[in-house]
**Student:** 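The structure follows.
When a ligand or atom number is given, it counts from 1 through the structure's own listing order.
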Amino acid sequence: MQDLYLGIDASTQSLTAAAINPQAETVDSVSINFDKDLPEYKTQNGVCSDGKNPNRVWSYPEMWAEALDALFEKLAKKTDIGRIKAIGGAGQQHASVWLKSSDAFKALANAPKGKLADTVKVFLSRRQSPVWLDTSTSAECAEIENAVGVQNILLKTGSAQTERFTGAQIRKIAKEEAGIYAATKRIHLNSSFMTSLLCNEDMTVDFCDAAGMNLLNVGGGNWDEEMLRATANGLIAKLPKVAKAMSVAGKIGSYFCRHYGFRPDTRVVAFTGDNPSSLVGCGASSGGNAVISLGTSDTLFCANKNYAPIEGAHVFGNPAGKYMNLTCFRNGALAREKLAGQLGVGWDIFDNAFENYSPDGLNDIILPFYLDEISPKIKSGGIKVFIGKSLSATETIRLFIEGQIFNMKLQAESMKAEIGNILITGGASKSGAMAQCISNVFNGKIYILKNASNSSALGGAMIAARACGGIPLAELENRLLQRKLVAVPNKNAAAFYRKKIKIFAQKRQNLISSIT
Ligand code: XUL
């Protein structure tokens, strides 16, 4: 019987497992949706928020534990669990789990079936876990910035001080709920909490995910004392140790062997963050490739062997080694929709915007910042049009899309990321025009995934197969990912854009300096 490798994605809305059999190219997948399958927690899209203060957003570690029982119950019906040699996985980044004592995990060894949540909840010092959608910590960010310095934080931690990051969230709780902070012996991330549940033991936190806390010295690979001091008193004793990327945490706990039939020698690789895991699951961890997700906001992430923090982007760890960058552009689909509304046109005009297009009009530029942009920081004054003639709807859309993609390319250049080919995902990845324009601006081939599944769960399974089965990631990518080529660069257009992006960069710079 061939071994299987399991990947688990503890995302915001659901818990998903993907089992891979690297030899036979098969993927089994099961999922627990928090809203639908665990309605007693009353979450919406996996989270709760405060009507009076919508910036406060949280979820329940107890619910994540309950979902893990439900997940294995479901998986056992589909997959021979006894064949699973190793488990890897990922959690939503930044969420913190607060425990009175790390004995919770040991107590699981003797717990009856279906009692993960009940066993763990008595050890929680705080029932709620603030999650990445929580932006209620502006005051705490400012306090930490005052203590350490804006630029210093960026250089040390790979990100500017950020509201949703765990450090600012910890400071808020330490200030406002001092009793709870004092009673807390361990603060886990979602990822290290899941690893600890699976091992029935208090476990380390993965370097790649810990980089999303504003507490790690990312270049040095360990907690940064100055950041810890500025965040909360006595924090070091409450944090787990940092483990190197793709470290085997240990063996699966007896709870899972007794109740679900796991082999006692099944290994657990320390869970990472969902973005680092997706980097692996999209086949982009070895470098040279980027992933662009065209959604409500557009997101670009890529492996990077350079440590080059810039404002508006984040440096996390890459499970395959070194770093990854993630940058989120607020002017994504929302801005495209706004433009369509203003022009009174449908998406089909967007799709055809580059049909029969021949490069022309080097100085015709649109700066596409309808909303305040975070990458780079630009205060929007509406879109800026630099053209001396009146434009048709198609021309406007073309220049707008060009502007969005020039902005992505410039940010990628500031991060010193080498980007060859690009995988596109998300709603607008179906648009041939977007794909072609990205291809021409980045001068690379554009792919989509034919068998797009949960890239973070798949990444977890691939990490398990790499760390515990010795199978190279490149081999796993070739077997498991079916990539379809959707655009190749047009030589003339690529050469034209190499010149035009410089003019765009100047105009963007003027905008940054004129209205920020
Ligand atoms: C990244 C971020 C989200 C979460 C949830 O910084 O906040 O992508 O990881 O997916």
**Student:** Who are the residue neighbours of ligand 1 when the rule is a heavy atom under 4.0 Å from any of its atoms?
**Tutor:** Gln93, His94, Trp132, Arg164, Asp274, Asn275, Phe316
**Student:** Between Tyr323 and Phe316, does the ring centre distance come in under 6.0 Å?
**Tutor:** no
**Student:** Taking all atoms of both residues into account, what is the closest heavy-atom pair of Gly167 and Thr231, and its distance?
**Tutor:** O-CG2, 3.2 Å
**Student:** Scan residues 274-286 for pairs that pass side-chain hydrogen bond (donor to acceptor under 3.5 Å, both in side chains), counting only residues two or more places apart or in two chains.
**Tutor:** Gln93-Asn275, Ser278-Ser455
**Student:** For residues His188 and Phe105, establish whether the separation of their ring centroids is below 6.0 Å.
**Tutor:** yes
**Student:** Taking it one step at a time, do Tyr41 and Phe34 satisfy ring-ring contact (aromatic ring centres under 6.0 Å, His included)?
**Tutor:** CA-CA 8 Å; Tyr41 294 93; Phe34 300 137; 8.7 Å; no
**Student:** Applying side chain to side chain donor-acceptor pair (under 3.5 Å), run through Trp98 and Ser129 and close with a yes or a no.
**Tutor:** CA-CA 7 Å; Trp98 296 68; Ser129 162; over 6 Å; no
